[in-house]
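Predicted model only: the values in this text are computed from it and were never measured.
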Amino acid sequence: MADNRVGDAPSLGCVSCEAAMASWALGAILTVLASLIIAANVLVAIILLCHIRKRGSKGLCFVLNLALADAMVGFTVMGLAVDELSQPFPASQQFCILRMAFVMSSCAASILSLILVACDRHLAIRKPFHYFQLVTGLRVGLCLVGLWLFAAIIGFLPVFIPYFQRISNHWKCSFFNLFQPSYMLTMFCLGFFPALFLFLYLYCDMLKIASVHVQHIQEVEQAGLGGGCPPPRATSDMKAMRTVAVLIGCFTFSWLPFFICSIVQMACPECFPYKVIENFLWLLGLGNSLLNPLLYSYWQKDVQFQLSQLAAGVKRRVLLHLGNGRCFLGRNTKAPPAVSCLELQD
C-alpha cells in the first residue's frame, strides 16, 4: 500500500507540472494576442480620429467605435492573461464574474459595432443621395450609446441574474467555470445569430443593388456612352461590398466554431471537451478583434496613406535623433515633406 502511494506521488507531480506548463503557454498566447489587439486598434483609432476631425465623416465614427471596442477586448483579455501567468490566483467568485462580464461586454460591443458598420455601408449604397441627411451626428451618437448599453446588458446578465451563475470552487476565472450553459444559449440567440443573419441579409441586398448598377453600366457601354471607365458610384459600391464581405467572412470564421461547439457541449457535455473550446476556439473568436484593424488597414486607402505618413514621420524622427539633429541624405535625395495627421488628402 505504501509502495502505491509512493508511486502515485511522482505521477501527481507530473500532472500538476503539465497543468502549470499549459497555463503558462495559454497565458503567453493571451499576452501576445492582447498586446497585438491593443496596439493595432489604438493605432487605427488614432488615424480614424484624425481623419474624422479633418473630414467630419459621421460614418467613420462607427469604424472608430469598432476599433475602440476591439481595443477594450484586448485590455480585458490582458487581465485573463495575468491570471494564467500567476497561478494559483486566489480570486473570489464575484471578482471572476465581474471580470468575465467585462470580457463578454467588450466582445458584444465589437460584434454590434460590426453590425453598425455593415448597416452604414448598406445605407450608403441604398440611399446615396439621402445618406448625409440620414446619418447625422445626433443619430450616430444615439446609435453608439444604445450599442454600449445593449452590450453591457448582455455581458452583465450573469451579474444581474444569478440563475446564469455557476457555483464553483475552482480558482481559475474561466467562462465554463462561472456561467451556466443557458447563458451561452442566450448569447447565441441575442448576439451571434442575429448578427450573422443581418450580415447575410445586408450583403445579399448589396449584391442585388450592385447587379442592377452593373446591368445599367453594361447598357451604357453598349450604347457607346460609357467612355471606357466605370462611374465613381459603381466603384464605391464595389468597395463597400468588398469591405462588408470580408467582415462577414472573418466574423463567421472567428466566432462560428466557438458558438457551435459551445451549443453542442451544452447539449452533450461528454461529446466535446470544454477545455478545447476555452483554450483554442475562444482564442479564435478573440482573433477577430485583431483582424478588424488589419482589414481596414489593408482595404481602406485613407488608412493606408495615413499609416505611411506616420511611419515616415517616425523614421525621420529616428534619423534626426541618431544624427544629433542632422538628417543625412543621399546625393540626389530630396527631403520628404512633413505631413501631419490632419493633412490627409485623397
Side-chain angles (χ1 to χ4, degrees), residues 16 19-20 22-31 33-35 37-38 41 68-113 145-192 255 258-259 261-263 265-267 269 272-286 288-289:
S16 61
S23 179
W24 269 85
L26 180 60
I29 294 174
L30 287 175
T31 301
L33 181 61
S35 301
I37 290 174
I38 293 172
N41 283 283
L68 295 177
D70 287 331
M72 185 173 291
V73 171
F75 282 112
T76 55
V77 171
M78 187 65 75
L80 299 179
V82 172
D83 290 350
E84 294 289 343
L85 294 175
S86 59
Q87 287 194 25
F89 184 73
S92 64
Q93 180 86 6
Q94 293 300 322
F95 178 81
C96 290
I97 291 176
L98 287 175
R99 171 167 287 181
M100 291 303 299
F102 277 107
V103 174
M104 299 310 298
S105 297
S106 303
C107 294
S110 176
I111 295 175
L112 294 174
S113 298
V145 171
L147 180 148
W148 283 101
L149 287 177
F150 188 62
I153 291 174
I154 293 178
F156 283 84
L157 269 180
V159 180
F160 302 143
I161 305 177
Y163 171 77
F164 290 132
Q165 300 179 14
R166 172 180 288 179
I167 304 300
S168 175
N169 294 325
H170 201 276
W171 59 267
K172 184 178 180 180
C173 290
S174 62
F175 189 88
F176 289 95
N177 284 332
L178 297 174
F179 300 144
Q180 294 288 349
S182 55
Y183 177 62
M184 175 56 65
L185 184 61
T186 304
M187 286 283 296
F188 180 80
C189 295
L190 293 181
F192 176 79
W255 284 109
F258 173 77
F259 280 100
C261 294
S262 299
I263 297 300
Q265 202 273 340
M266 181 184 63
F272 208 89
Y274 76 91
K275 290 185 178 180
V276 176
I277 303 176
E278 282 191 337
N279 297 339
F280 297 100
L281 298 182
W282 187 59
L283 293 178
L284 184 63
L286 294 178
N288 187 56
S289 295

Drop me the distance from [X]'s [atom1] to [Y]'s [atom2], to the nearest 0.5 angstrom.
X: I263; Y: L185; atom1: CD1; atom2: CG; value: 5.0 Å
X: C96; Y: L178; atom1: SG; atom2: CG; value: 5.5 Å
X: I38; Y: S289; atom1: CD1; atom2: OG; value: 11.0 Å
X: I37; Y: L30; atom1: CD1; atom2: CG; value: 9.5 Å

Taking C-beta and beyond as the side chain, do [X] and [Y] meet within less than 4.5 Å on heavy atoms?
X: L157; Y: T186; answer: yes
X: D70; Y: N288; answer: no
X: L286; Y: C107; answer: yes
X: L33; Y: L283; answer: yes

Residue pair [X] / [Y]: nearest heavy atoms and the distance that separates them:
X: V77; Y: A34; answer: CG1-CB, 4.1 Å
X: R99; Y: G79; answer: NH1-O, 3.2 Å
X: L281; Y: F258; answer: O-CB, 3.9 Å
X: A81; Y: T31; answer: CB-OG1, 3.4 Å

Inset, instruction - Assess whether atom CZ of F102 is packed by more than 12 heavy atoms of other residues, nucleotides or ligands within 6.0 Å. - result: no
Legend entry - More than 12 heavy atoms of other groups within 6.0 Å of M100 CE: yes
Inset, instruction - Output, in order, the C-alpha distance, side-chain angles, deciding distance and verdict of side chain to side chain contact (heavy atoms under 4.5 Å, CB included) for I154 and M104. - result: CA-CA 8 Å; I154 293 178; M104 299 310 298; over 6 Å; no
Inset, instruction - Taking ring-ring contact (aromatic ring centres under 6.0 Å, His included) as the test, write out the residues that go with F164, two or more places apart. - result: Y183
Inset, instruction - Could you label the plane-to-plane angle of the F259 and W255 rings as parallel, tilted or perpendicular, counting under 30° as parallel and over 60° as perpendicular? - result: tilted
Legend entry - Side-chain donor or acceptor of S105 paired with backbone N/O of A101 under 3.5 Å: yes
Inset, instruction - Verify, without hydrogens or angle tests, whether Q165 (side chain) and F179 (backbone) share a donor-acceptor contact under 3.5 angstrom. - result: no
